[in-house]
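Okay, so here's the structure we're looking at.
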Amino acid sequence: QAQLEERGGGSVQVGGSLTLSCEVSTDIYTYSMAWFRQAPGKEREGVAGITRDGWKRVADSVKGRFTVAQDGAKTTLYLYMSGLEPEDTAMYSCAGDPAFYPGDGTWRDDFRYKYWGQGTQVAVSS
């Protein structure tokens, strides 16, 4: 059973940058991974995802500002965030699943991911 731990959250001003990391207790060569976020009073939404063979997707709301990546050892998932806006304030969580292969219409379905981290808070102030 994989364990996921996010790091890197914090407070930043509008236009700033943050890098989130998600360390996984096992290698994720066979995992599809994703970042989700949930703002107070809102539903959780998929932000960025990467399939086990490296296909990447980002939500339209963060396109051009956020990038998802994995390290060479395939044990850490990253979310590089720039041009942060107040609307990006949320709890960010990483998720993974060894059996699910995401498509364009499914990668943002949180119920498809078996393993989740506890989350890390990002706050963007103006």
Side-chain angles (χ1 to χ4, degrees):
Q1 182 171 342
Q3 294 182 331
L4 286 65
E5 183 174 4
E6 301 92 340
R7 292 191 174 93
S11 298
V12 65
Q13 291 189 326
V14 169
S17 301
L18 280 175
T19 296
L20 306 183
S21 64
C22 172
E23 293 186 9
V24 188
S25 61
T26 185
D27 66 69
I28 49 179
Y29 281 99
T30 61
Y31 279 59
S32 291
M33 304 291 296
W35 287 98
F36 287 79
R37 69 183 181 186
Q38 187 167 22
K42 294 187 177 181
E43 292 187 357
R44 185 159 57 189
E45 64 171 346
V47 175
I50 184 168
T51 65
R52 64 174 71 95
D53 51 2
W55 286 99
K56 300 178 182 179
R57 295 179 174 91
V58 293
D60 288 343
S61 59
V62 303
K63 195 164 292 183
R65 301 188 298 120
F66 290 13
T67 303
V68 62
Q70 292 175 337
D71 70 330
K74 298 280 189 171
T75 58
T76 305
L77 182 73
Y78 296 97
L79 185 66
Y80 300 102
M81 307 186 295
S82 63
L84 285 162
E85 303 168 351
E87 293 73 22
D88 297 317
T89 295
M91 179 71 76
Y92 285 72
S93 301
C94 64
D97 195 285
F100 170 49
Y101 191 88
D104 287 342
T106 59
W107 73 272
R108 302 184 73 184
D109 294 338
D110 56 2
F111 63 88
R112 300 184 187 273
Y113 296 87
K114 183 175 182 179
Y115 300 110
W116 288 82
Q118 293 297 311
T120 186
Q121 182 69 42
V122 171
V124 184
S125 59
S126 57

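Here, residue 1 is the first one in the sequence, and each next residue gets the next number.
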*Should we count CD of Q121 as having more than 12 external heavy atoms under 6.0 Å?*
yes

*Nearest-0.5 Å distance that lies between atom OG in S32 and atom CZ in R112*: 12.0 Å

*Could you tell me which residues satisfy salt bridge (Lys or Arg N to Asp or Glu O under 4.0 Å) with D97, sequence neighbours excluded, listed by chain and number?*
none

*Can you tell me how far OG1 of T120 sits from CD of E5, rounded to the nearest 0.5 angstrom?*
9.5 Å

*asked:* Do D104 and R57 make a side-chain contact, defined as non-hydrogen atoms from C-beta onward lying under 4.5 Å apart?
replied: yes

*Minimum heavy-atom distance P102-T51, with the two atoms named*: CD-CG2, 3.9 Å

_Results of side-chain contact (heavy atoms from CB on, under 4.5 Å) for Q3 - residues two or more places apart only_ = S25

_Connected-component partners of F100 among ILVMFWY, side-chain separation under 4.5 Å_ = F36, W107, Y113, W116

*Can you sort out the partners of Y101 under side-chain hydrogen bond (donor to acceptor under 3.5 Å, both in side chains), two or more places apart, ordered by chain and number?*
D53

*Report the hydrophobic cluster partners of V124, with the cluster defined as I, L, V, M, F, W, Y residues connected by side-chain heavy atoms closer than 4.5 angstrom, directly or transitively.*
L4, V12, V14, L18, L20, V24, I28, Y31, M33, W35, V47, I50, V58, V62, F66, V68, L77, L79, M81, L84, Y92, Y115, V122

*Counting distance only, does the side-chain N/O of S125 pair as donor-acceptor with the main-chain N or O of Q13 below 3.5 Å?*
no

*For the residue pair A90 and A39, what are the closest heavy atoms and their distance?*
CB-N, 3.8 Å

*Can you sort out the partners of D71 under salt bridge (Lys or Arg N to Asp or Glu O under 4.0 Å), two or more places apart, ordered by chain and number?*
none

*Less than 4.5 Å apart, any side-chain heavy atom of R37 and any of E45?*
yes

*asked:* Under a 3.5 Å distance rule, please check whether E6 uses its side chain to pair with a backbone N or O of G119 as donor and acceptor.
replied: yes

_Rounded distance (nearest 0.5 Å) linking atom CZ of R52 with atom CD of Q70_ = 11.5 Å

